[in-house]
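Letters A, B, ... are given to chains in the order of the sequence lines, protein chains preceding strands, and every chain is numbered from 1. On a predicted model such as this, the values are computed, not experimentally measured, just so you know.
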Amino acid sequence: MTAPTTYAWEIETRDLRARAGRRMAVDGVTLTMGRGVHGLLGPNGAGKTTLIRTLATVLKPHSGELSLLGGEDLRHLRRQIGYLPQEFGHYRRFTVREFVAYVAWLKEMRDVPAAVQRAIERVGLADRADDRMKTLSGGMIRRVGIAQAIVNDPEILLLDEPTAGLDPAQRLRFRELLTELGTDACVVVSTHLVEDVAAACTDVVLLSQGKLVFQGTPDQLAARGTERHAGDSPLERGYSALLGIPDRPGSW
Amino acid sequence: MTAHHPSDHLLRRYSSGDDDIPADELWAVESHLETCAPCRARLAPEPIAEAVWAGLSPLLDRTPQMPRARAWRRLHGWVSPAAGPWLAMILLVIAAAVALDRTGFAVGDRVSLVLLVAPVLPVLGVAASWGRSLDPAWELTAATPRAGLPLVFRRTAAVLAVVVPGLVVASLLTGTGFARWLLPCLAFTVGTLALGTLIGVTRAAVVLLVAWAVAIVAPTIAFSRTAVALGPDAAPGWIALLGASLVVLVARRMAFTRLEANR
């Protein structure tokens, strides 16, 4: 049995601002996230990556408040975070198992071998576990990225564009995994694929130009759209309605 | 616990997953089994369990088990996984400097090449150990609990453990005094990290390489004699630089837990 948590939300931000270079990429975001799968949506340059980096504690907020797991000291907090950066750099000469074990060591874990085996099995790479990373396809590399993020059974799991490079069958499997992970962790997935959100997310956060435009369930997002808005599904029409994208074919 | 053990018939129905057992009996059997080992033993030799095991055991043999892992992990606890080729290159540069020195090639007034390259060699190794330019997993590493000054020190120590013995051998072969290269070498190493906390390790490495070229290599070539900085009188200057760098490094140590030191 684990002790009950002493915080209301895994992630809580108040008027959070963070810079990417000189630009204020996250500009006054107030939100709360609990357990479940949160889809972070928004056009390119909306501040998704900057927000995720701030949540991963690698970027210092410029101003505002950020409280993760009720506010612990940095090192202890990071043991409970899993993070897949947008550009997932890896060591080509490592085997899958060596790489995930190395990340587990960086996360100061005990009982590394068993956790590594479990993480690799969860992403379906058990049969390639002892192959070198340079022999893997792009989709498999992505799955190694997911394995290293979940190896420590994180309370907060941050995935930046995890579905890029996965084929349709792998994406379906990935959505199942997301749903599974969301039952006992706070999962934040940034994506620009609206259908990923529809299938796997319990909650949608929509960012535009560094500001929070919408937070609610996928159904609530869909309800915002009408036939007049651009998009092929209710969710896409809701997305266009909130971002004010006109239904003009051919315009970017 | 209780003397009322379930009948053989009931146990068989329970273990085969019979739906027709009344709920109260099911409860009773289940809670009894939890506390009564002899009755659990009566359950054990079941054809279903045997069948499941028969199907499972060949799979278990094929599932890869954790093989050897200790040695490499102990190594990579110190050496950055990205630094290997760079450390090899550093040793090659030292070997080349010795070889050129041996063949009589020297800059200006018999200034040993070994002395000239000594300060910048660790800078390359440090840049390979921390920062986005040479370490592909830089962002991943920066987000882990182990990121920070202790890990940076470990990786730097690994670089020095390669560079310093290499330079010791080189200076023995060429007859260059230890004191003349050791201090600049250490000062440049710690200086890279200290400057790295302010502008990022990669940029710091570039700045120091340029500074080395301008302040040490250029005068050596221009005036054909050992630059003042490498002369015997420069030691207090190098010690001061080393001390100042250590102070900056400790004061700004939290930078290594963020992306800012990776630029």
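Annotation: maximal heavy-atom pairing with chain B below 4.5 Å, among A:Arg75, A:Glu108, A:Lys107, occurs at A:Glu108. Listed options B:Arg258, B:Glu260, B:Met254 were ranked by heavy-atom pairs under 4.5 angstrom with chain A; first place goes to B:Arg258. With chain B as the partner, the residue from A:Arg93, A:Gln148, A:His76, A:Glu87 showing the most heavy-atom pairs under 4.5 Å is A:Gln148.
Residue contact with chain B, scored on non-hydrogen atoms closer than 4.5 Å, involves the side chain of A:Leu74 exclusively. Within the 4.5 angstrom heavy-atom criterion, no atom of A:Arg92 approaches chain B.
The contact list for residues 134-149 of chain B toward chain A, using heavy atoms and a distance under 4.5 Å, reads B:Asp135, B:Pro136, B:Ala137, B:Trp138, B:Glu139, B:Leu140, B:Thr141, B:Ala142, B:Ala143, B:Thr144, B:Pro145, B:Arg146, B:Ala147 by residue number.
Put simply, the side chain of A:Glu98 does not reach to within 4.5 Å of the side chain of B:Pro81, judged on heavy atoms. Residues A:Leu106 and B:Leu151 have side chains in contact (heavy-atom distance under 4.5 Å, counting atoms from C-beta outward).
Residue B:Glu25 places its CD atom among more than 12 non-hydrogen atoms of other residues, nucleotides or ligands, all under 6.0 Å distant. More than 12 heavy atoms of other residues, nucleotides or ligands sit less than 6.0 Å from atom CH2 of B:Trp212.
For the pairing with B:His76, the ring pair (Phe, Tyr, Trp, His ring centres under 6.0 Å) check across A:Trp105, A:Phe94, A:Phe99 returns one residue only, A:Phe94.
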